[in-house]
Amino acid sequence: MSVPASGHLTTPQAPPMEQLARVVASVGTLASRIRKTTNMMEIFWGDPLILIDPKDGDVTRFCTIEKVHYWLRRKWPVADAAQQTALAKVEAAMECMNSVDDARNAFLKAARLAGFKQAAMA
């Protein structure tokens, strides 16, 4: 360490690229720790919903809210207001900002309007 004319101790400064490398390394380490400690919360969806596709008769079981979310976003056959409402309510329930029952009812309504039939559980 050197003592400048002001009398305050200073520490030698690393070149800017070395400082940047240290910051990037520490952020990477922090991100790794966060990934290792992040816990996913599973939201109880209730009894599985079994829907029959009107086009080909395929039967799909919806046991988790994540599967419902995926279907509404990626596989839904009709883009309409009911689908958008159900998607919004499912996402809100996944964030614990809405009830799962409300999301489930919106999903069932969207399914009926898309032509799906609900099958009885075996």
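Residues forming a salt bridge (Lys or Arg N to Asp or Glu O under 4.0 Å) with Asp102 (at least two apart in sequence, or on another chain): Lys89.
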Legend entry - Verdict with reasoning, Val100 to Trp45, per side-chain contact (heavy atoms from CB on, under 4.5 Å): CA-CA 7 Å; Val100 173; Trp45 175 249; 3.8 Å; yes
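Here the side chain of Arg112 pairs no donor or acceptor atom with the backbone of Lys117 at under 3.5 angstrom.
The minimum heavy-atom distance linking Ala114 with Pro54 is given by the pair O-CG, 4.0 Å. Closest approach of Asn98 to Ala103, counting heavy atoms only: ND2-N, 4.4 Å. Closest approach of Cys63 to Pro48, counting heavy atoms only: SG-CB, 3.7 Å.
When side chains are defined from C-beta on, Ile50 counts as touching Val59, because their heavy atoms get closer than 4.5 Å. Side-chain atoms of Val78 and Gln83, non-hydrogen and from C-beta on, never get closer than 4.5 Å to each other. At a threshold of 4.5 Å between non-hydrogen side-chain atoms, the residues Leu49 and Arg104 count as touching. Side-chain contact between Phe62 and Leu51 is present, with heavy atoms from C-beta onward closer than 4.5 Å.
How far CZ of Phe107 is from CD1 of Ile65: 10.5 Å, rounded to the nearest 0.5 Å. Interatomic distance, Asp53 CG to Thr60 OG1, rounded to the nearest 0.5 Å: 7.0 Å.
More than 12 heavy-atom neighbours from other residues, nucleotides or ligands sit within 6.0 angstrom of NZ on Lys67.
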Which pairs would a plain distance check flag for residues 69-76, meaning a side-chain donor or acceptor within less than 3.5 Å of a matching protein atom at least two apart in sequence or in another chain?
| from | atom 1 | to | atom 2 | distance (Å) |
| --- | --- | --- | --- | --- |
| His69 | NE2 | Glu91 | OE2 | 2.9 |

